[in-house]
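One structure below.
Throughout, numbering of the chain's residues begins at 1 and tracks the sequence.
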Amino acid sequence: MTAADDLPQLRPPGEVMRLERMGASFPTRLSFMRQLVRRMTRERWRFERMRLDLDHDGVGRSIHAVHGPRRTYSLVGFSGVIDPQERTDRVIANVWDTTFSLFDGVPDATDIERLEANTPRQEAGRFRASELVLARANRSGRIFDHVVESLAGGRQPCRDLVSDVGYLMRTTAVYGSGKFGCADRGRIAGREELQAPFQAELLAVYLIRWMSVDLVNHIARQRSGHQAVELSEDLARTLGIGNATGLGMAPFLVKHPLLINSWVMARERALLRVREVERAAPDAIAEFRDLLDDARRHVAAWTVDDPVQSARISRLGQDLAYLASWCGDGLDGERPWDALWRLASRRFSLEGQEMVVALLLEHQGALIDGLCESMSSGGLPAVRPAMRVGDLIDRIDDSYGWALAIDHAAPESRQRFWYYSQEKLEPRVGDRYAEPGADMEMAVAIGRDVAMLKARLLDHDLRECVADFLIKAPEWRSTVRRVQHLAQSPYAEIRDNLLAADRRPLDILRFKLAFFGANGFDPKSDLWTRVTLYQGAPLPADIADGKEPQWLFPLP
């Protein structure tokens with residue numbers, strides 16, 4: 001090994017962008033929820049409960065507003081009570097306990113009347129550019145009533161139960177970026193507080209969390225008056241908002257390669273910066289050990305029914321125990337964080353390695369937080385028509401070797417197909433050899449398509465320009481455009497075959513949810529998972545006071 005080889009380097013995309021590793025991702029301080037909460041705390045956003053017009057059962061209207069330095073955003077909620085049998089995580093539901101619109105500014109009486117007529121209808125409603133986000137949520141069947149009954153009885157709910165579930169309400173959809181008539185992304189992208197990805201959607205979820213605590217406190221007061229107590233701040237911090245996520249999220253990663261590259265590049269550059277630190281002061285080492293202790297307690301409390309994930313959690317606990325022992329002397333030398341990373345890459349499971357990434361980034365916030373500004377991106381530019389066919393082939397060879405190495409003709413390599421279900425209103429995965437619908441296949445097989453494109457290009461004159469090729473074969477336009485513009489974006493592509501029989505779509509979901517900042521991954525199959533958003537996050541009063549405790553690893 002040369003001296004240059006021994007220096008820290010960016011992790012190669014062939015390692016980072018494989019599904020198995022993507023499915024071991026953890027949230028980091030670069031995650032989008034974390035960015036939003038840091039901004040709100042730094043700028044001391046002010047929260048205002050503007051309206052809580054709810055009856056004995058919590059049915060009615062609510063408005064929860066947040067005032068930033070330049071603008072106000074208002075969560076307008078409409079609450080009801082539905083039959084427990086009607087509560088479902090499915091996007092095709094027709095009724096929900098509560099529906100929400102995130103309003104740009106403060107709604108007047110006319111706005112509220114209009115929203116009340118449309119928000120509970122969700123996709124069937126009519127919305128304007130004054131609405132930034134549309135969402136809905138259901139009460140937790142496991143703890144909502146328990147919390148209300150406890151508070152009405154003058155006592156706090158069972159801490160173990162509250163910690164185990166982690167939320168009072170669970171969202172089943174949070175729509176933004178122009179859906180159903182709401183404001184297009186371009187309308188708000190220039191606002192400093194919303195420039196990072198998904199900030200409007202995640203602000204809505206944070207306000208839903210606040211509203212859910214208000215809801216249980218209100219119902220408890222209605223039931224027993226002065227005898228009732230409010231949910232303690234300590235318990236309220238342990239509660240987030242639940243979320244059920246299925247395949248609807250997965251095609252996003254394929255459709256937005258430049259954006260995904262910006263997310264991963266920021267994280268990988270952050271990891272490299274930390275690994276390049278020459279020495280660690282004693283107080284920095286002590287802080288890291290404290291953070292590691294929090295991570296170990298968090299992992300010890302993380303239980304799921306899925307046997308595969310359960311085994312991974314068990315191994316992760318072993319990895320962290322070994323790391324705690326190694327940290328006794330291992331951080332005293334040169335480039336201590338690089339030494340720690342090299343240890344993890346040699347000895348730890350993928351979950352253990354990605355947890356170490358989260359630990360290192362959390363510990364070195366001052367060094368890496370500026371990279372958050374690089375995590376947005378536009379779409380792919382237009383096709384370059386003057387490029388020669390030979391040059392396009394060279395780009396395929398240089399950037400898509402992973403795709404060319406796959407035997408796309410093997411039956412097991414093309415067993416799955418992705419399609420959009422008109423009945424379920426979301427993407428689905430079918431078996432090509434056992435189910436109909438392959439003729440309606442979604443374009444997610446990038447590796448196969450690029451390999452087929454190269455084979456087609458080899459039948460043409462290498463001096464021919466791309467424009468002439470596409471005139472004769474216009475069906476290849478999107479693939480050509482992708483190859484032309486992603487050569488300098490190493491983390492843009494999932495370097496796996498999404499059609500292979502042994503690939504788990506769940507890995508894509510976890511990867512994206514980790515960048516959002518979700519934790520508590522609880523797989524229910526290879527196709528969908530439950531997670532928790534904002535668990536352990538500071539409350540509105542904490543943010544207004546400029547306080548943000550450690551909440552990457554929420555503790556029971």
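- Across all non-hydrogen atoms, the minimal contact from Ala200 to Ile188 is CB-CD1, 4.2 Å.
- No option in Val16, Ile368, Leu371 other than Val16 meets the side chain to side chain contact (heavy atoms under 4.5 Å, CB included) test with Arg267.
- The environment of Glu20 atom CD is sparse: at most 12 non-hydrogen atoms of other residues, nucleotides or ligands sit within 6.0 angstrom.
- Going from atom CG of Asp104 over to atom SG of Cys182 covers 11.5 Å, rounded to the nearest 0.5 Å.
- Atom OG in Ser74 sits 8.5 Å away from atom CD in Glu48 (nearest 0.5 Å).
- Atom CZ of Arg481 sits in a crowded spot, with more than 12 heavy atoms from other residues, nucleotides or ligands closer than 6.0 Å.
- Formation of a donor-acceptor pair under 3.5 Å by the Glu362 side chain with backbone atoms of Thr28 is not found in this model.
- Checking side-chain atoms of Gln535 against main-chain N and O of Leu239 turns up no donor-acceptor pair under 3.5 Å.
- A heavy-atom distance below 4.5 Å is found between the side chains of Arg136 and Thr99.
- Looking at Tyr175 and Glu123, their side chains do bring a donor and an acceptor atom within 3.5 Å of each other.
- With hydrogens and angles disregarded, a donor-acceptor distance shorter than 3.5 Å links the side chain of Arg209 to the backbone of Arg237.
- The environment of CG in Asp108 is crowded: more than 12 heavy-atom neighbours from other residues, nucleotides or ligands sit within 6.0 Å.
- In this structure, the side chains of Val205 and Met33 stay at 4.5 Å or more apart for every pair of heavy atoms.
- Contact of the Glu268 side chain with the Tyr491 side chain is registered, since non-hydrogen atoms from C-beta on lie closer than 4.5 Å.
- Checking side-chain atoms of Thr171 against main-chain N and O of Ala137 turns up no donor-acceptor pair under 3.5 Å.
- Classified by interplanar angle (parallel below 30°, tilted 30° to 60°, perpendicular above 60°), the ring pair Phe288/His363 is perpendicular.
- Heavy atoms of other residues, nucleotides or ligands lying less than 6.0 angstrom from NZ of Lys524 number more than 12.
- The backbone N or O of Pro523 sits nowhere less than 3.5 Å from a side-chain atom of Asp306 that would complete a donor-acceptor pair.
- A distance below 6.0 Å separates the ring centres of Tyr206 and Tyr534.
- Between Met40 and Pro540, every side-chain heavy-atom pair lies at or beyond the 4.5 Å cut-off.
- Residues satisfying the side chain to side chain contact (heavy atoms under 4.5 Å, CB included) test with Arg128, not counting sequence neighbours, are Arg114, Ser130, Glu131.
- In this structure, the side chain of Asp369 does not engage the main chain of Ala366 through any donor-acceptor pair within 3.5 Å.
- The minimum heavy-atom distance linking Gly77 with Phe100 is given by the pair CA-CD2, 3.8 Å.
- To the nearest 0.5 Å, the span separating CG on Leu513 from CD1 on Ile508 amounts to 11.5 Å.
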**OP:** Take Leu10 and Met265, measure what side-chain contact (heavy atoms from CB on, under 4.5 Å) needs, and give me the verdict at the end.
**Re:** CA-CA 9 Å; Leu10 289 172; Met265 181 62 78; 4.2 Å; yes
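- The two residues Asn138 and Trp96 have their closest heavy-atom pair at OD1-CA, 3.3 Å.
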Subject >> Stepwise side-chain contact (heavy atoms from CB on, under 4.5 Å) check, Leu380 with Leu486 >> reply: CA-CA 9 Å; Leu380 286 171; Leu486 296 184; 3.8 Å; yes
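- Heavy atoms of other residues, nucleotides or ligands lying less than 6.0 angstrom from CZ of Arg185 number more than 12.
- Asn243 and Thr245 share a donor-acceptor pair across their side chains, judged by distance under 3.5 Å alone.
- Ring-plane geometry between Phe515 and Phe511 is classed as perpendicular, the angle between the planes exceeding 60 degrees on a 0 to 90 degree scale with a lower cut at 30.
- Side-chain atoms of Ser31 come within 3.5 Å of backbone atoms of Ala514 as a donor-acceptor pair (strictly under, hydrogens ignored).
- Remark: Glu287 CD is packed, more than 12 non-hydrogen atoms of other residues, nucleotides or ligands lying under 6.0 Å away.
- With salt bridges taken as basic N to acidic carboxylate O contacts below 4.0 Å, one links Glu351 and Arg510.
- Leu168 is not listed as a side-chain neighbour of Ser140, based on a closest heavy-atom distance of 4.5 Å or more.
- Side chain of Arg18 to backbone of Arg495: a donor-acceptor contact under 3.5 angstrom is found.
- To the nearest 0.5 Å, atom CG of residue Leu498 and atom CD1 of residue Ile446 are 8.0 Å apart.
- Put simply, the side chain of Gln199 does not reach to within 4.5 Å of the side chain of Leu203, judged on heavy atoms.
- Of the possible polar contacts, one joining the His218 side chain to the Leu54 backbone as a donor-acceptor pair under 3.5 Å is found.
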Subject >> Candidate pair Val81 and Arg139, rule side-chain contact (heavy atoms from CB on, under 4.5 Å), full reasoning >> reply: CA-CA 9 Å; Val81 178; Arg139 300 176 181 183; 3.8 Å; yes
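- Ionic pairing of Arg11 and Glu354 is present here: one or more N-O contacts between side-chain nitrogen and carboxylate oxygen are shorter than 4.0 angstrom.
- Residue Leu247 holds its CG atom at 9.5 Å from CG of Leu506, rounded to the nearest 0.5 Å.
- For Ser79 against Met211, the heavy-atom pair with the smallest separation is OG-CE, 3.2 Å.
- Here the side chains of Ser262 and Ser374 are not in contact, with every heavy-atom distance at 4.5 Å or above.
- Residues Pro120 and Phe78 come closest through the heavy atom pair CG-CB, 4.2 Å.
- Looking at every heavy atom in both residues, Leu527 comes nearest to Pro505 through CD2-CG, 3.7 Å.
- Applying the 6.0 Å contact sphere to CD of Glu373 captures no more than 12 heavy atoms from other residues, nucleotides or ligands.
- Using a 4.5 Å cut-off on side-chain heavy atoms (C-beta onward), Gln550 and Asp290 make no contact.
- In this structure, a donor-acceptor pair under 3.5 Å is present between the side chains of Thr119 and Ser101.
- Residue-environment remark: CZ (Arg126) stays at or below the threshold of 12 foreign heavy atoms within 6.0 Å.
- Below 30°, between 30° and 60°, or above 60°: for Tyr73 and Trp45 the angle between ring planes is below 30°, a parallel geometry.
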Original post:
Would Asn118 and Arg121 count as a side-chain contact (heavy atoms from CB on, under 4.5 Å) if you check the C-alpha gap in whole Å, the side-chain angles of each, and the deciding distance to 0.1 Å?
Top reply: CA-CA 5 Å; Asn118 288 280; Arg121 300 175 63 201; 4.1 Å; yes
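- Distance check, rounded to the nearest 0.5 Å: CG of Leu202 to CZ of Arg34 gives 13.0 Å.
- A salt bridge links Arg504 to Asp507: at least one charged side-chain nitrogen sits closer than 4.0 Å to a carboxylate oxygen.
- Relative ring orientation between Phe198 and Phe516 is described as tilted, the plane-to-plane angle lying within the 30° to 60° band.
- Proximity of the aromatic rings of Phe553 and Trp302 is defined here by a centroid distance below 6.0 angstrom, and this criterion is not met.
- Here the side chain of Gln156 pairs a donor or acceptor atom with the backbone of Glu230 at under 3.5 angstrom.
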